[in-house]
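The block underneath contains the structure these notes are about, expressed in structure tokens.
Side-chain atoms are counted along with the backbone in the values below, which use heavy atoms only and exclude waters and symmetry mates.
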Amino acid sequence: HMPAPLNPRVSLSEDTGHHAAVFRFGGFASDADIRKNEEALRQWLGVKGIRTLGPFRFLAYNPPWQVAGRRNEVMVEVLWD
């Protein structure tokens, strides 16, 4: 169990789980980089016959002042039996 949040504006909810497909890429992500990687993931999933569920999302993991070793991802939930 998670501890109860101390801030009343914070709430916790349980996720029943899901499957996602992810493409990872580095550098400072521009809108064009995000679109390019989203399209690459979309095409790869199409070739594999994997259906997507919902919108593609962009995830960034580094603070703006970090120059080297940046990690970004585009992700989409997929239907997985």
Side-chain angles (χ1 to χ4, degrees):
H1 289 275
M2 296 287 293
L6 299 177
N7 185 327
R9 293 177 22 204
V10 174
S11 64
L12 301 176
S13 63
E14 185 173 338
D15 186 345
T16 58
H18 62 272
H19 294 91
V22 176
F23 263 19
R24 185 185 333 182
F25 61 102
F28 283 93
S30 67
D31 288 343
D33 293 328
I34 295 166
R35 283 191 303 272
K36 178 181 79 172
N37 283 281
E38 178 182 322
E39 184 56 31
L41 179 55
R42 187 183 307 277
Q43 287 182 11
W44 186 86
L45 290 168
V47 167
K48 298 295 183 182
I50 300 171
R51 291 191 8 213
T52 62
L53 302 169
F56 282 72
R57 293 184 273 175
F58 168 66
L59 306 167
Y61 294 96
N62 306 96
W65 57 85
Q66 183 176 340
V67 177
R70 297 184 64 82
R71 178 179 172 175
N72 308 294
E73 297 174 343
V74 289
M75 177 181 82
V76 66
E77 189 174 349
V78 296
L79 183 63
W80 194 263
D81 294 328

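Using a cutoff of 4.0 Å between basic side-chain nitrogens and carboxylate oxygens, Arg35 and Glu38 are not scored as salt-bridged.
Connection of Phe56 to Leu59 is not established within any shared hydrophobic cluster, with ILVMFWY side chains joined at heavy-atom distances below 4.5 Å, either directly or through further cluster members. There is a path of hydrophobic side-chain contacts, each under 4.5 Å, that joins Trp80 to Val74.
Put simply, the side chain of Leu45 reaches to within 4.5 Å of the side chain of Leu41, judged on heavy atoms.
For the pair Ala20 and Met75, the tightest heavy-atom approach, listed with the atom from each and the gap, is CB-CG, 3.8 Å. Residues Phe23 and Asn37 approach most closely at CD2-O, 3.7 Å, considering heavy atoms. Closest approach of Gln66 and Phe28 over heavy atoms only: O-CZ, 3.5 Å. In terms of heavy-atom proximity, Pro3 sits nearest to Leu12 at O-CD1, 3.6 Å.
Here the side chain of Asn72 pairs no donor or acceptor atom with the backbone of Phe58 at under 3.5 angstrom. Looking at Arg51, its side chain never comes within 3.5 Å of a backbone N or O of Gly46 through a donor-acceptor pair.
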- Message: As a quick check of understanding, evaluate salt bridge (Lys or Arg N to Asp or Glu O under 4.0 Å) for Arg42 and Glu39, giving each step before the final call.
- Response: CA-CA 5 Å; Arg42 187 183 307 277; Glu39 184 56 31; 3.8 Å; yes
- Query: Given the rule in the side chain to side chain contact (heavy atoms under 4.5 Å, CB included) test, do Ile34 and Phe25 qualify, once you have shown the distances and angles that lead to the verdict?
  - Reply: CA-CA 9 Å; Ile34 295 166; Phe25 61 102; 4.3 Å; yes
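In this structure Arg71 satisfies the side chain to side chain contact (heavy atoms under 4.5 Å, CB included) test together with Arg24, Tyr61, Asn62, Glu73, sequence neighbours excluded.
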